[in-house]
A.B. asks: 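Just passing along the structure, written as structure tokens.
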Amino acid sequence: MKPILRILLTEVNKVKISVFGSGYVGLVTGACLANLGHEILCVDIDEEKINLLKKGEIHFYEPGLKPLVVKNFQKGRLRFTTNIQEAVDFAEAIFNCVGTPSREDGSADLKYVFSVAESVAKLAKDHKLMINKSTVPPGTAKKCQEKIKLINPDSEVEVVSNPEFLAEGKAVHDFTHPDKIVVGAKSSKAYSMLRKIYTGRVRSYIPFLETNWETAEMIKYANNSFLATKICFINEIANICDRVGADVKLISQAMGMDYRISPKFLNAGTGYGGSCFPKDVRALVSVANENGYKANLLQEVNHLNERQKKVMVHKLLQRFGENLSGKTFTVLGLSFKPNTSDIREAPSLVIVKELLERGAKINAYDPIAFPEARKELGEGINYCENVEASAVGSSAILLITEWDEFRNIDFQNIGSTMQEKVLFDGRNIYEPEMLLEEGFEYFGVGRK
Ligand code: NAD
């Protein structure tokens, strides 16, 4: 089936929707769709999360999400439950937004996705759409549909694939201003319900791509794998720059001026992290393997990214020697990127663990991610109140996540409280000359 590009005009058609999974994607989906006027019931098996949500509290940080949740909750358009039967009964359309984590072998673990499909198969009494928004390998919608038919041969539940492209840190904006909406389905009834749900998602128009299940599922993997590859590519260039004395920042700018390349995702750094790129690249490699194809490029992207997370550690060891006992280092930024509390697969975790293993003490500061970081790193590091406190007695600052507040640090002031004035700029956000003027040794990524 050929994708069809459609332009949607704004107009609200209220739909009763249940959203399974109240995590980053589910809650943003629920809140944004409620804000469009739909009636939303968010369901999660985690009672603690649902109880928090009922009190207007969110278990993670996402800019702009809390006011949207509170407003729509107060208007009665957004409700929360742990009752699966209630959620199935309520809805015409069910969004499946549960997690699809990596298994040990890299493949996507689909047990949560299938468990929702099984619940819907058992409990649905009439026609409903079950819309997979989770990122899943091609073939998953088909398997869900088969499972549903196996459990209940008379089931009228229709599976749809509708991958989500939002990015944490600007998820509300991305959801309401998407580049595209991709829908893989089997019937015109399903496409038209999705159009009804999304009508009004942006002010003027949105490209709406209609295709089959497998293509929709594959678009999401292709999208994420390409972005991961682009980051990996510029990191590769940066590593070469480090050795030949070239400046990757200028190279990125120049490359970005080529309209065929675009400047986005061309910033060299400490590697990508988060809950999507790493697991999605691994899952696509695994899908390829299962289908008799060795996806060498993507396998190498995954491998290179893990290596990149340690580049800063190697530079630090070259400067300070292998034994770091008795030394304190300042880590700025723990979340995998700015404006999120998410630390899943964050480069900071690898870097901190490497330094701790070599006897270093860590003073860390992050504006938001301490609760998540504590779960991962325990009390083995000092969680500092601010940048100034984290720098006292430190032998070097390691900038790992480029939160805005790190862009205008008073280096003269904090330098005077440090043991040695050394900066590892893992995101190339500072001008080396400025740091040199303040008496700092500067180590960037791909720039001398
Ligand atoms: P998450 O871990 O934050 O949330 C998943 C939620 O599902 C959890 O709260 C969990 O308790 C709940 N859950 C599990 N089983 C359930 C069930 N049977 N019924 C109801 N709830 C259940 O995950 P996330 O980051 O929101 O990601 C969800 C999916 O969306 C993944 O496939 C991910 O790859 C994809 N995705 C994520 C992002 C992102 O930026 N986080 C962006 C696009 C797509």
Side-chain angles (χ1 to χ4, degrees), residues 16-87 90-91 94-99 101 112 116 133-134 164 166-176 274-276 333-346 348-349 364-379 383-386 401 403-405:
K16 288 185 171 182
I17 298 168
S18 286
V19 180
F20 276 68
S22 300
Y24 288 85
V25 168
L27 191 59
V28 171
T29 301
C32 291
L33 290 179
N35 208 44
L36 287 179
H38 299 304
E39 282 184 60
I40 308 294
L41 183 56
C42 286
V43 57
D44 203 291
I45 49 172
D46 187 331
E47 217 162 297
E48 208 177 313
K49 284 180 191 169
I50 292 297
N51 287 339
L52 274 178
L53 286 164
K54 283 179 176 169
K55 286 189 258 169
E57 298 295 330
I58 301 175
H59 60 281
F60 59 90
Y61 172 74
E62 181 59 46
L65 183 58
K66 193 171 172 179
L68 211 58
V69 168
V70 171
K71 178 181 122 188
N72 286 286
F73 181 64
Q74 283 168 352
K75 286 191 182 286
R77 295 193 294 241
L78 180 62
R79 294 183 299 118
F80 303 100
T81 187
T82 52
N83 186 329
I84 290 172
Q85 177 77 63
E86 182 193 358
F90 169 76
I94 294 168
F95 276 92
N96 195 347
C97 300
V98 297
Y112 304 110
V116 173
K133 198 166 246 321
S134 304
E164 179 53 53
L166 63 79
E168 286 173 26
K170 52 190 193 64
V172 171
H173 174 272
D174 287 355
F175 193 92
T176 46
S275 68
C276 294
L334 293 170
S335 57
F336 86 91
K337 66 174 181 179
N339 296 320
T340 179
S341 54
D342 200 343
I343 58 150
R344 289 178 281 186
E345 302 212 30
S348 66
L349 300 178
Y365 172 66
D366 187 286
I368 221 90
F370 279 172
E372 277 86 347
R374 271 203 161 87
K375 284 182 208 152
E376 196 58 42
L377 297 168
E379 296 306 318
Y383 296 92
C384 300
E385 256 179 35
N386 49 41
T401 315
W403 284 92
D404 262 352
E405 68 173 271

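Everything quoted here is computed from the prediction, not taken from an experiment. Side-chain atoms are counted along with the backbone in the values below, which use heavy atoms only and exclude waters and symmetry mates.
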A.B. asks: Can you tell me if Glu379 has over 12 outside heavy atoms packed within less than 6.0 Å of its CD?
C.D. replies: yes
A.B. asks: Mind listing the closest non-hydrogen atom pair of Gly23 and Asp44 along with its distance?
C.D. replies: N-OD2, 4.3 Å
A.B. asks: With rounding to the nearest 0.5 Å, note down the distance linking CZ in Phe80 to NZ in Lys55.
C.D. replies: 13.0 Å
A.B. asks: Which value, rounded to the nearest 0.5 Å, describes the distance between His173 atom NE2 and Leu166 atom CG?
C.D. replies: 12.0 Å
A.B. asks: Could you tell me which non-hydrogen atom of Cys32 sits nearest to which non-hydrogen atom of Leu68, and how far apart they are?
C.D. replies: SG-CD2, 3.8 Å
A.B. asks: Among all residues two or more places apart in sequence or in another chain, which pass the salt bridge (Lys or Arg N to Asp or Glu O under 4.0 Å) test with Lys54?
C.D. replies: none
A.B. asks: For the pair Tyr365 and Phe370, name the ring-plane relationship: parallel under 30°, tilted 30 to 60°, perpendicular over 60°.
C.D. replies: perpendicular
A.B. asks: What's the separation between atom CG in Leu27 and atom CD1 in Ile58, rounded to the nearest 0.5 Å?
C.D. replies: 5.0 Å
A.B. asks: Which residues pass the ring-ring contact (aromatic ring centres under 6.0 Å, His included) test with Phe90, not counting sequence neighbours?
C.D. replies: none
A.B. asks: Leu377 vs Tyr383, test: side-chain contact (heavy atoms from CB on, under 4.5 Å). Steps then yes/no.
C.D. replies: CA-CA 10 Å; Leu377 297 168; Tyr383 296 92; 3.6 Å; yes
A.B. asks: Can you list everything that forms a salt bridge (Lys or Arg N to Asp or Glu O under 4.0 Å) with Glu86? Sequence neighbours excluded, please.
C.D. replies: Arg79
A.B. asks: Is there a donor-acceptor pair under 3.5 Å between the side chain of Ser18 and the backbone N or O of Ile94?
C.D. replies: no
A.B. asks: Closest heavy-atom contact between Cys42 and Ile50?
C.D. replies: O-CD1, 4.1 Å
A.B. asks: Go through the structure and list residues passing salt bridge (Lys or Arg N to Asp or Glu O under 4.0 Å) with Lys170, not counting sequence neighbours.
C.D. replies: Asp174
A.B. asks: Tell me which donor-acceptor pairs under 3.5 Å the side chains of residues 336-343 have, and how far apart each pair is, sequence neighbours excluded?
C.D. replies:
from, atom 1, to, atom 2, distance (Å)
Lys337, NZ, Glu168, O, 2.7
Thr340, OG1, Glu168, OE1, 3.2
Thr340, OG1, Asp342, N, 3.1
Ser341, OG, Tyr61, N, 3.0
Ser341, OG, Glu372, OE2, 3.2
Asp342, OD1, Arg344, N, 3.0
Asp342, OD1, Arg344, NE, 3.0
Asp342, OD2, Arg344, NE, 3.2
Asp342, OD2, Arg344, NH2, 3.0

A.B. asks: To the nearest 0.5 Å, tell me how far Leu36 CG sits from Thr176 OG1.
C.D. replies: 8.5 Å
A.B. asks: Going by ring-ring contact (aromatic ring centres under 6.0 Å, His included), name the residues that satisfy it together with Tyr112, two or more places apart in sequence or in a different chain.
C.D. replies: none
A.B. asks: Show the nearest heavy-atom pair for residues Ala167 and Glu62, with the distance to one decimal.
C.D. replies: O-OE2, 4.4 Å
A.B. asks: Kindly say whether Leu349 contributes a backbone atom to a donor-acceptor pair with the side chain of Glu376 at under 3.5 angstrom?
C.D. replies: no
A.B. asks: For Glu48, enumerate each residue passing the salt bridge (Lys or Arg N to Asp or Glu O under 4.0 Å) test, keeping only those at least two apart in sequence or located in another chain.
C.D. replies: none
A.B. asks: Taking salt bridge (charged side-chain N to carboxylate O under 4.0 Å, His left out) as the cut-off, I'd like each qualifying pair that reaches into residues 65-74, sequence neighbours left out, listed once.
C.D. replies: Glu57-Lys66
A.B. asks: Any donor-acceptor pair under 3.5 Å linking the side chain of Thr81 with the backbone of Asn83?
C.D. replies: yes
A.B. asks: For Ala346 and Leu334, which heavy atoms make the closest approach, and how far apart are they?
C.D. replies: CB-O, 3.5 Å
A.B. asks: Tell me, please, which residues at least two apart from Cys97 pass side-chain contact (heavy atoms from CB on, under 4.5 Å).
C.D. replies: Val19, Val25, Thr29, Phe95, Lys133
A.B. asks: Which heavy atom of Gly169 sits nearest a heavy atom of Pro63, and at what distance?
C.D. replies: O-CG, 3.5 Å
A.B. asks: Given Ile368 and Ser335, is the side-chain contact (heavy atoms from CB on, under 4.5 Å) satisfied, shown in steps?
C.D. replies: CA-CA 8 Å; Ile368 221 90; Ser335 57; 5.5 Å; no
A.B. asks: Could you tell me which residues satisfy side-chain contact (heavy atoms from CB on, under 4.5 Å) with Ala34, sequence neighbours excluded, listed by chain and number?
C.D. replies: Ile40, Asn72, Arg77, Leu78
A.B. asks: For residues 21-30, pull every pair meeting salt bridge (charged side-chain N to carboxylate O under 4.0 Å, His left out), keeping only residues two or more places apart or in separate chains.
C.D. replies: none
A.B. asks: Just to verify, what does Glu385 make a side-chain contact (heavy atoms from CB on, under 4.5 Å) with, not counting sequence neighbours?
C.D. replies: none
